[in-house]
Amino acid sequence: MTPAELSAFLLAAVGRVIARLEAQAEPLAELTVVDLALDRPKNRDHGDWASNIALKLAKKLGTNPRELAAVFAEEFSLIEGVASVDVAGPGFINLTLDAAAAGALAKTIVELGAEYGRGDLYAGVTINLEFVSANPTGPIHIGGVRWAAVGDSLARIFTAEGGIVTREYYFNDHGAQIDKFARSLLASFHGEPAPEDGYGGQYISDIADRVVDEHAGDLALLNRDDAQELFRARGVDLMFTDIKASLHDFGVDFDVYFHENSLHESNAVAHAIARLRELGHMYEAEGATWLRTTDFGDDRDRVVIKSDGEAAYIAADLAYYLNKRERGFERNLIMLGADHHGYVARLMAMVSAFGDTPRYHLEILIGQMVNLLRDGQPMRMSKRAGTVVTMEDLVDAVGVDAARYALVRSSSDSQLDVDLDQLGKRTNDNPVFYVQYAHARTRSVAINAAASGVDRSVFDASLLTHDSESVLLGVLAELPRVVRQAAELREPHRIARYCEELAGAYHRWYDNCRVTPLGDEEVSDLHRTRLWLNDATGTVLRNGLGLLGVSAPDRM
RNA sequence: GCGCCCGUAGCUCAGCGGAUAGAGCAAUUGACUACGGAUCAAUAGGCCGGGGGUUCAAAUCCCUCCGGGCGCACCA
């Protein structure tokens with residue numbers, strides 16, 4: 001029995017009880033699965049599942065929690081597959097399933113395979129996920145890498161919930177940052193130090209050299225301005241190619257690389273401004289053109305066209321947002337570093353100005369900073385000096401799986417400390433190996449089972465009676481709920497934590513319950529049924545790791 | 001000054017208003033002539049930053065103070 005099936009039965013039972021009680025009390029609103037608050041108790045003595053619905057409803061029904069719980073419990077005990085029901089503490093209802101009902105899940109999971117864990121939370125909804133979006137003025141820094149891991153995982157999770165997801169990279173190939181980049185390349189070409197506010201380091205001279213290799217003849221003929229222009233165009237292009245390749249090596253491939261420049265070159269910016277003007281939210285003052293964001297909760301109005309006639313940065317954002325909406329995206333998410341959180345209010349105001357709904361049509365996820373440590377000491381980074389730790393450095397140090405897992409396993413709301421030395425030398429410091437090992441073990445057990453003549457020709461769930469088996473089944477049952485919650489809260493780290501819990505439950509089961517017969521013991525239905533459970537665990541670990549973009553190896 | 005995030009075991013971090021607050025690492029002690037010891041079992045380690053409040057029930061929600069990070073442009 002899956003949790004969804006159990007919930008449906010319980011909800012129906014609750015409905016019957018309430019129908020009887022409502023004769024003497026106020027009618028209640030329609031109840032849902034959420035009201036049931038079905039939970040897997042931490043303490044095994046409290047059964048397989050627990051509900052606190054009696055505590056929640058007692059007051060509304062004009063009765064006390066324990067009495068109400070007793071009534072529910074009686075009704076619950078009639079459900080097929082429920083072995084026992086107890087009322088505990090202030091009014092918790094603890095349920096224990098019989099082994100056959102609980103164990104049936106193992107077969108269900110094996111049969112569903114990659115489908116198990118998927119849901120329909122965002123069925124058919126078009127979702128645009130914009131992340132990384134690092135300027136093409138240098139390699140992706142560590143904060144961007146966090147978003148690469150988290151954003152890609154979130155994309156996988158939304159997809160698992162039925163969403164039609166586009167991964168999008170906003171490429172800031174316009175404006176002053178790019179000019180600095182071009183001047184930095186030119187400075188390197190002339191053997192000059194990096195400009196005061198520019199970029200330095202090995203990658204600048206590398207890029208400059210590559211441009212020189214391609215265009216040595218041309219450069220000799222160009223004046224300084226034209227040479228800078230050539231460095232700008234080619235340098236951005238080369239940087240862009242490098243960034244794409246790094247992301248690909250990291251397992252992240254974007255569907256759309258959107259160039260900011262295209263918004264300026266087309267009439268997209270003018271189009272967006274015209275629309276906002278029609279809606280009456282633009283005004284002229286002090287020689288500039290403003291968007292009245294204070295009408296929508298921002299603390300000051302924002303300049304869209306500067307008094308020198310140039311578009312301010314937000315102009316492109318207006319155009320970009322409108323463009324996404326016109327491309328048909330219902331939900332748009334942008335992932336930004338904490339150093340950009342001051343931008344949220346004005347973007348939300350913009351959404352309102354367009355007549356859309358903030359936090360629905362546009363959501364901004366803020367990720368806190370990542371501190372890189374080496375031997376416990378923070379690593380100081382400077383773009384000008386070129387001392388940045390890149391995605392490649394991180395991957396070289398620990399590998400793609402370990403890097404992605406370390407970045408995705410914590411809430412994005414928390415600042416994260418990543419110690420390169422620690423991650424690099426002691427592999428056990430990263431729980432990804434614990435999870436991957438559990439998966440490899442399921443494969444190894446399956447191979448041994450086959451060699452011993454154990455197959456899946458028989459499945460008798462009533463034989464799965466060991467305590468470690470009911471714990472394992474309980475954890476397996478939770479994947480769909482964890483995926484849904486990770487999607488709703490935009491928190492991929494819940495998947496990682498779940499995988500760790502599952503791996504632990506599996507290792508403990510492995511220690512207690514053999515799949516292959518020992519010595520000259522006969523192959524029994526218990527062995528065969530346990531093979532189903534083993535394979536079901538392998539499936540769930542693979543599905544879970546897949547949502548994180550981490551491999552599930554057969555051997556390690 | 002205003003805004004956002006954080007403060008939980010020695011360290012890095014989980015914890016959907018519920019029962020005895022958890023995991024990994026680090027420490028101590030056990031378990032392989034049994035499906036992989038990258039594992040398991042056990043011990044130790046906590047005024048959940050402080051103080052109020054809401055609730056049958058608060059690490060979780062609200063207020064306040066303290067501490068840390070990051071922001072508050074006609075920069076991008």
Side-chain angles (χ1 to χ4, degrees), chain A residues 34 37 39 41-43 45-46 50 52 55-56 58-59 64-65 88-92 94 135 137 172 174-180 197 260 285-290 299-300 302-308 310-314 316 337-345 366-369 371 373 376 406 409-419 422-423 426-431 433-434 436-438 440-441 443-449 451-452 454 481-482 485 488-489 491 493-494 496-497 500-501 503-504 506-508 510-519 527 530 534 555-556:
Chain A
V34 176
D39 198 8
K42 282 175 256 178
N43 188 334
D45 297 337
H46 297 148
N52 57 26
L55 287 160
K56 296 228 195 286
K59 190 173 279 180
N64 80 62
F92 294 107
N94 296 330
N135 288 340
T137 54
N172 298 111
H174 182 92
Q177 301 290 339
I178 296 294
D179 293 340
K180 287 181 199 171
D197 55 351
E260 181 189 356
E286 300 162 41
T289 303
W290 299 68
D299 41 16
R300 53 176 304 161
R302 302 294 168 177
V303 169
V304 177
I305 304 292
K306 297 187 271 186
S307 50
D308 65 5
E310 289 291 310
Y313 188 74
I314 195 173
D339 52 344
H340 289 93
H341 75 258
Y343 217 61
V344 174
I366 296 296
Q368 298 301 313
M369 299 303 189
N371 302 310
L373 308 178
R409 129 174 237 270
S410 300
S411 162
S412 301
D413 284 343
S414 303
Q415 289 179 40
L416 195 58
D417 287 346
V418 173
D419 191 315
Q422 220 172 3
L423 266 186
R426 279 194 305 280
T427 56
N428 271 5
D429 276 358
N430 192 329
F433 299 109
Y434 181 78
Q436 287 184 317
Y437 181 65
R441 196 171 234 186
R443 304 310 307 142
S444 163
V445 166
I447 288 166
N448 289 327
S452 308
V454 178
R481 193 159 53 151
V482 171
Q485 197 174 36
E488 280 176 328
L489 300 173
E491 290 184 346
H493 75 271
R494 289 172 185 279
R497 300 293 172 155
E500 290 169 32
E501 189 188 356
Y506 175 75
H507 285 310
R508 285 185 281 278
Y510 171 91
D511 227 48
N512 284 290
C513 300
R514 291 190 56 91
V515 173
T516 57
L518 198 54
H527 297 123
R530 280 179 173 164
N534 178 76
R555 274 186 303 278
M556 295 179 66

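Chain identifiers are assigned alphabetically (A, B, ...) following the order of the sequence lines, protein sequences preceding nucleic acid strands; residue numbering begins at 1 within each chain. Keep in mind the model is a prediction, meaning the values are calculated, not measured.
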Open item on the list: Under 3.5 Å, is there a donor on one side chain and an acceptor on the other for A:Tyr510 and A:Asn534?
Closed with: no
- [ ] Could you check whether A:Arg300 gets within reach of a base, just the sugar-phosphate, or nothing at all, counting any heavy atom under 4.0 Å?
- [x] sugar-phosphate
- [ ] Using only side-chain N and O atoms of A:His507, determine if any of them is under 4.0 Å from OP1 or OP2 of B:G37.
- [x] no
Task: B:G22 phosphate, OP1 or OP2, under 4.0 Å from A:Arg497 side-chain N/O - done: no
- [ ] To the nearest 0.5 angstrom, please state how far the CG atom of A:Asp339 sits from the CE atom of A:Met369.
- [x] 3.5 Å
Task: Phosphate-side-chain proximity, A:Tyr437 and B:G24, N/O vs OP1/OP2 below 4.0 Å - done: no
Open item on the list: For a quick check of understanding: with a heavy-atom distance under 4.0 Å over all strands, which category does A:Ala288 fall into, base, sugar-phosphate or nothing?
Closed with: base
TODO: Could you check how far CZ of A:Arg443 sits from C1' of B:G36, rounded to whole Å?
DONE: 14 Å
- [ ] Could you check how far CZ of A:Arg508 sits from P of B:A41, rounded to whole Å?
- [x] 5 Å
Open item on the list: Of the listed nucleotides (B:A19, B:G17, B:C70), which one gets closest to any side-chain atom of A:Lys56?
Closed with: B:G17
Task: Selection from B:A23, B:G36, B:A19 that lies nearest to any side-chain heavy atom of A:Arg409 - done: B:A23
TODO: Would you indicate which nucleotide in B:A19, B:A38, B:G15 comes nearest to any side-chain atom of A:Ala50?
DONE: B:A19
Open item on the list: Any donor-acceptor pair under 3.5 Å linking the side-chain atoms of A:Tyr506 with those of A:Asp511?
Closed with: no
- [ ] Spell out yes or no: do the side chain of A:Glu286 and the base of B:C74 have one donor N/O and one acceptor N/O closer than 3.5 Å?
- [x] yes
Open item on the list: Just to be sure I understand the rule, does A:Asp179 reach a base, reach only the sugar-phosphate, or reach nothing, if contact means heavy atoms closer than 4.0 Å?
Closed with: nothing
- [ ] Check the distance between B:A41's P and A:Tyr510's OH and give it to me in whole angstrom.
- [x] 14 Å
Task: 5' priority, RNA chain B, between A:Ala503 and A:Asn172 [closest heavy atom] - done: A:Ala503
Task: Gap between atoms CD and P, on A:Glu501 and B:A23 respectively (whole Å) - done: 11 Å
- [ ] Look at A:Lys42 and B:U20 and indicate whether a side-chain polar atom (N or O) is within less than 4.0 Å of OP1 or OP2.
- [x] no
Open item on the list: Using a heavy-atom cut-off of 4.0 Å across all strands, would you classify A:Asp308 as base, sugar-phosphate, or nothing?
Closed with: nothing
- [ ] Using a heavy-atom cut-off of under 4.0 Å over every strand shown, decide if A:Ser410 touches base, sugar-phosphate, or nothing.
- [x] sugar-phosphate
TODO: Using heavy atoms to find the nearest nucleotide of RNA chain B for A:Gly504 and A:Leu416 separately, return the residue whose nucleotide is more 5′.
DONE: A:Leu416
Open item on the list: Counting the atoms with a prime plus P, OP1 and OP2 as sugar-phosphate, which does A:Ser411 contact under 4.0 Å by heavy atoms, base, sugar-phosphate, or nothing?
Closed with: sugar-phosphate
Open item on the list: Heavy atoms only, 4.0 Å cut-off, all strands: where does A:Tyr434 land among base, sugar-phosphate and nothing?
Closed with: sugar-phosphate
TODO: Kindly say whether, by distance alone, the side chain of A:Asp45 makes a donor-acceptor pair under 3.5 Å with the base of B:A19?
DONE: no
TODO: Determine whether the side chains of A:His527 and A:Arg514 contain a donor N or O and an acceptor N or O closer than 3.5 Å.
DONE: no
Open item on the list: Using only modelled atom types and a 3.5 angstrom limit, is any donor from either the side chain of A:Asn43 or the base of B:U20 paired with an acceptor on the other?
Closed with: yes
- [ ] For A:Leu55, report the nucleic acid contact type (base, sugar-phosphate, nothing); a contact means any heavy atom under 4.0 Å.
- [x] base
Task: Which nucleotide in B:G18, B:C74, B:A76 has an atom nearest any side-chain atom of A:Tyr313 - done: B:A76
Task: A:Tyr434 versus A:Glu500, closest heavy-atom pair with distance - done: CE2-O, 3.7 Å
- [ ] Over all heavy atoms of both residues, which pair between A:Ala288 and A:Val303 is shortest? Give the atoms and the distance, please.
- [x] CB-CG1, 4.1 Å
Task: Nucleotide of B:C74, B:G15, B:A76 approaching A:Val303 most closely (side-chain heavy atoms) - done: B:C74
Open item on the list: Measuring from the side chain of A:Ala88 (C-beta onward, heavy atoms only), which nucleotide among B:C70, B:U39, B:A19 has the closest atom?
Closed with: B:A19
Task: Residue A:Ala176, side-chain atoms from C-beta onward, closest of B:G68, B:G18, B:A76 - done: B:A76
Open item on the list: How many whole angstroms separate atom CG of A:Asn52 from atom P of B:U55?
Closed with: 18 Å
TODO: Compare the aromatic ring of A:His46 with the six-membered base ring of B:A19 and state whether they stack according to the 5.5 Å and 30° rule.
DONE: yes
TODO: Could you state the atom-to-atom distance from CZ of A:Arg494 to P of B:C13 in whole Å?
DONE: 17 Å
Open item on the list: Base, sugar-phosphate or nothing for A:Gly175? Non-hydrogen atoms, less than 4.0 Å.
Closed with: sugar-phosphate
Task: Distance in angstrom units between A:Asp511 CG and B:C40 C1', rounded - done: 4 Å
- [ ] May I ask you to say whether A:Lys42 pairs ionically with A:Asp45, meaning some side-chain N is under 4.0 Å from a carboxylate O?
- [x] no
- [ ] Using a heavy-atom cut-off of under 4.0 Å over every strand shown, decide if A:Ser414 touches base, sugar-phosphate, or nothing.
- [x] sugar-phosphate
- [ ] Using a heavy-atom cut-off of under 4.0 Å over every strand shown, decide if A:Gln415 touches base, sugar-phosphate, or nothing.
- [x] base
Open item on the list: For RNA chain B, report each stem as range with range, ordered by first number, or say none. Use Watson-Crick or G-U wobble pairs under 3.5 Å, at least 3 in a row.
Closed with: B:1-7 with B:66-72, B:10-13 with B:22-25, B:27-31 with B:39-43, B:49-53 with B:61-65
Task: Sugar-phosphate, base or nothing in reach of A:Lys180, heavy atoms under 4.0 Å - done: nothing
TODO: With heavy atoms under 4.0 Å as the rule, sort A:Leu518 into base, sugar-phosphate or nothing.
DONE: base
- [ ] Would you kindly give the CG-to-C1' distance between A:Asp413 and B:U8, to the nearest whole Å?
- [x] 16 Å
